[in-house]
There are 2 protein chains.
Amino acid sequence: MARSLEVVGEKWALLAVREVFLGNRRFDEMVRRIGAPRDTLAARLRTLVEAGIFERRQYSDHPARFEYFLTDAGKDLYPVIVTLRQWGDRHLSEQDGPPAVFKHTCGHPLMTRLVCESCGEPASLPSRPPTFTRQPAS
Amino acid sequence: MARSLEVVGEKWALLAVREVFLGNRRFDEMVRRIGAPRDTLAARLRTLVEAGIFERRQYSDHPARFEYFLTDAGKDLYPVIVTLRQWGDRHLSEQDGPPAVFKHTCGHPLMTRLVCESCGEPASLPSRPPTFTRQPAS
DNA sequence: CTGAGTGCGTCCAAAATCCCGACTTACTGC
DNA sequence: GCAGTAAGTCGGGATTTTGGACGCACTCAG
């Protein structure tokens, strides 16, 4: 977890990932949509490429222009994004309801659900945090 | 999503939340375990309390000592933590495998799964980002 | 050809944040 | 009395972020 956050926990990082999921692969497009300082976004894209989450592909030379694509590791961030959105929709949405929605091919929105790894049972969160085993660290 | 990150996306915030899930509710304990600067952690705890994720309860006066508990909104962050851990375990774990494991009451670890909100079908991620509807912003 | 516009950055100075170690206060246990 | 613990605060330096301007290599309209 700590490791995840090191890679993906910096400001703007996850928003950039979301943008690529939404199909906005170009620098300017992202700047416009998420409102990050160009400088910071450039740095963030670099670290995300280094971390193997984005792949930077040239789509034109003279002038060299690049697009960012998700690697497999990047695509695996999808549940993180959905989960975060879910939480925000639940606890932070103001008058204007949930915006940007990702849809399943069947036409309905996606969500994540907590399940037990082995029995698959959709573990509803107990009122008290679930039982856990404590171990060195994470 | 952007809103979620504003609340929970600051450095150390999610690690603090995780600690409370693990049952470490005291300031010093958290400092020791996550290694954040005392200063920063103090600030973070304050913002998390303001955001309604933690509740600060006094457990002794003379000297006044406090513990942090999760509110309902805080408990709802559980899937976010699990999802993040899952991703880290998958893509970032080095020789030392996944540490700190949360377990379901049946004794097995928990995980999150992407499902369709209506059909419940465990939507596996399509090779290409899923279809989506684009809307103003998030 | 000229001038405007676009795309992807970089540069810089100011502001905000973060980090670290030391310090404080009020206990408890030896 | 002395060490230790707990929950911070304080001062200051180090690091990041921010926003605006700038550069460059095009393309397009006139």
Side-chain angles (χ1 to χ4, degrees), chain A residues 1-20 22-51 53-70 134 137, chain B residues 1-20 22-51 53-70 74 137:
Chain A
M1 239 223 75
R3 279 190 288 257
S4 302
L5 287 177
E6 256 164 55
V7 175
V8 122
E10 288 162 305
K11 209 167 180 183
W12 306 116
L14 276 178
L15 288 177
V17 173
R18 180 197 60 179
E19 283 312 309
V20 177
L22 288 171
N24 307 310
R25 289 185 263 280
R26 329 269 251 227
F27 185 84
D28 260 44
E29 185 78 2
M30 296 191 209
V31 168
R32 263 194 302 278
R33 292 185 43 96
I34 70 188
R38 314 176 66 75
D39 222 0
T40 311
L41 184 62
R44 207 54 73 239
L45 289 174
R46 257 194 307 277
T47 66
L48 288 173
V49 168
E50 274 164 37
I53 287 170
F54 283 160
E55 193 199 324
R56 186 158 174 269
R57 270 186 230 160
Q58 190 155 356
Y59 69 93
S60 123
D61 34 26
H62 290 320
R65 286 297 122 86
F66 304 90
E67 293 181 305
Y68 295 87
F69 287 84
L70 291 160
R134 189 123 37 114
Chain B
M1 239 224 72
R3 279 190 288 255
S4 302
L5 288 177
E6 255 164 58
V7 174
V8 125
E10 287 164 304
K11 210 167 179 184
W12 307 117
L14 275 179
L15 288 177
V17 173
R18 179 197 61 178
E19 284 313 310
V20 177
L22 287 170
N24 306 311
R25 289 185 263 280
R26 330 270 250 226
F27 184 85
D28 261 45
E29 184 79 2
M30 296 192 209
V31 168
R32 263 194 302 278
R33 293 185 42 96
I34 70 187
R38 313 176 66 74
D39 219 5
T40 311
L41 185 62
R44 207 54 71 240
L45 290 174
R46 257 193 307 278
T47 65
L48 288 172
V49 168
E50 274 165 36
I53 287 170
F54 283 159
E55 193 198 324
R56 187 160 171 268
R57 268 184 230 160
Q58 190 155 357
Y59 69 93
S60 122
D61 33 27
H62 290 322
R65 287 296 122 87
F66 302 91
E67 293 182 304
Y68 294 88
F69 287 84
L70 291 160

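By convention in this document, chain letters (A, B, ...) are assigned in the order of the sequence lines, proteins followed by strands, and residues within each chain are numbered from 1.
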Nearest whole angstrom, please: distance from the [atom2] of [N] to the [atom1] of [X].
{"X": "A:M30", "N": "C:dC8", "atom1": "CE", "atom2": "P", "value": "9 Å"}
{"X": "A:R56", "N": "C:dG7", "atom1": "CZ", "atom2": "P", "value": "16 Å"}
{"X": "A:R65", "N": "C:dG9", "atom1": "CZ", "atom2": "C1'", "value": "8 Å"}
{"X": "A:D28", "N": "C:dG5", "atom1": "CG", "atom2": "P", "value": "15 Å"}
{"X": "B:D61", "N": "C:dC27", "atom1": "CG", "atom2": "P", "value": "9 Å"}
{"X": "B:H62", "N": "C:dT28", "atom1": "NE2", "atom2": "P", "value": "11 Å"}
{"X": "A:R46", "N": "C:dC8", "atom1": "CZ", "atom2": "P", "value": "15 Å"}

Respond yes when some side-chain nitrogen or oxygen of A:Y68 is under 4.0 Å from OP1 or OP2 of C:dC8, and no when none is.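 The answer is no; no side-chain N or O of A:Y68 sits under 4.0 Å from OP1 or OP2.
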Report yes if at least one side-chain N or O of A:R32 is closer than 4.0 Å to OP1 or OP2 of C:dT6; otherwise report no. no
side-chain hydrogen bond (donor to acceptor under 3.5 Å, both in side chains) with B:Y59: which of B:R26, B:R25, B:R65?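 Going through the options one by one, the only one that passes is B:R26.
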Minimum heavy-atom distance between [X] and [Y], given as atom pair plus value:
{"X": "A:L41", "Y": "A:F27", "result": "CD2-O, 4.0 Å"}
{"X": "B:V49", "Y": "B:Y68", "result": "CG2-CE2, 3.9 Å"}
{"X": "B:A51", "Y": "B:V7", "result": "CB-CG1, 3.6 Å"}
{"X": "A:M30", "Y": "A:N24", "result": "CE-O, 3.5 Å"}
{"X": "B:M1", "Y": "A:R18", "result": "SD-CD, 3.9 Å"}

Checking the side chain of B:T47 only, and the main-chain atoms of B:E50 only, is there a donor and an acceptor separated by less than 3.5 Å? no
For A:T40 and A:A43, indicate whether the former's side chain and the latter's backbone hold a donor-acceptor pair under 3.5 Å.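 The answer is no, because no donor-acceptor pair under 3.5 Å joins these two groups.
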Under a 4.0 Å threshold between the charged nitrogen and the carboxylate oxygen, would A:E29 count as salt-bridged to A:R32? yes
With heavy atoms of chain B within less than 4.0 Å as the criterion, where does contact along DNA chain D begin and end? D:dA6 to D:dG11
Protein proximity profile, nucleotides 15-21 of chain C - base contact B, sugar-phosphate-only contact S, no contact -, cut-off 4.0 Å on heavy atoms: ---SBB-
